Amino acid sequence: MALRAPGWVEGAALFVGGRAYDATPDGSGYVRIAREWREGDVIDLRLPLALRVEPTPDDADTVAFLRGP
């Protein structure tokens, strides 16, 4: 299974079947889960929405405060 990890996410957490799983995305931006699935397995993907500051594309002196995409 592949789950999209957006570029704006930092500190994602992934739990599969109640256990922590590596949430580091690959080069294509996906977290891949390769395992033998069991009935009742649950995927819990947490994508924190941290506040960040980015310059606007048309004026580097103006910044935007962003939370999420």
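What you see is a predicted model; the values in this text were computed from it and never measured.
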Are Trp37 and Leu45 joined in one hydrophobic group, where the rule is that I, L, V, M, F, W and Y side chains link up if heavy atoms are under 4.5 Å apart? yes
For Tyr30 and Ala2, work out which heavy atoms get closest and say how close. CD2-CB, 4.0 Å
Measuring from atom CZ of Arg67 to atom CG of Leu51, what distance do you get when rounded to the nearest 0.5 angstrom? 8.0 Å
Sequence-distant partners of Asp61, side chain to side chain contact (heavy atoms under 4.5 Å, CB included), two or more places apart: Asp59
Would you please name every residue forming a salt bridge (Lys or Arg N to Asp or Glu O under 4.0 Å) with Arg35, sequence neighbours left out? Asp41
According to a hydrophobic-cluster definition based on side-chain heavy atoms being under 4.5 Å apart (Ile, Leu, Val, Met, Phe, Trp, Tyr only), do Val31 and Leu49 belong together? yes
Can you name the residues that form a side chain to side chain contact (heavy atoms under 4.5 Å, CB included) with Val42, not counting sequence neighbours? none
Measure from the side-chain N and O atoms of Thr56 to the backbone N and O of Thr62, and report whether any donor-acceptor pair falls under 3.5 Å. yes
Residues two or more places apart in sequence or in another chain: which of them pass side chain to side chain donor-acceptor pair (under 3.5 Å) with Glu10? none
Which residues pass the side chain to side chain donor-acceptor pair (under 3.5 Å) test with Arg52, not counting sequence neighbours? Glu54
Taking all non-hydrogen atoms of both residues into account, name the closest pair between Leu47 and Pro6 and its distance. CD1-CD, 4.2 Å
Ignoring hydrogens and angles, write down the donor-acceptor pairs under 3.5 Å from the side chains of residues 11-24, residues two or more places apart or on other chains.
residue, atom, partner, partner atom, Å
Tyr21, OH, Ala34, N, 3.1
Tyr21, OH, Ala34, O, 3.4
Asp22, OD1, Thr24, N, 3.1
Asp22, OD1, Thr24, OG1, 2.7

Close side-chain approach of Ile43 to Met1, heavy-atom, < 4.5 Å: yes
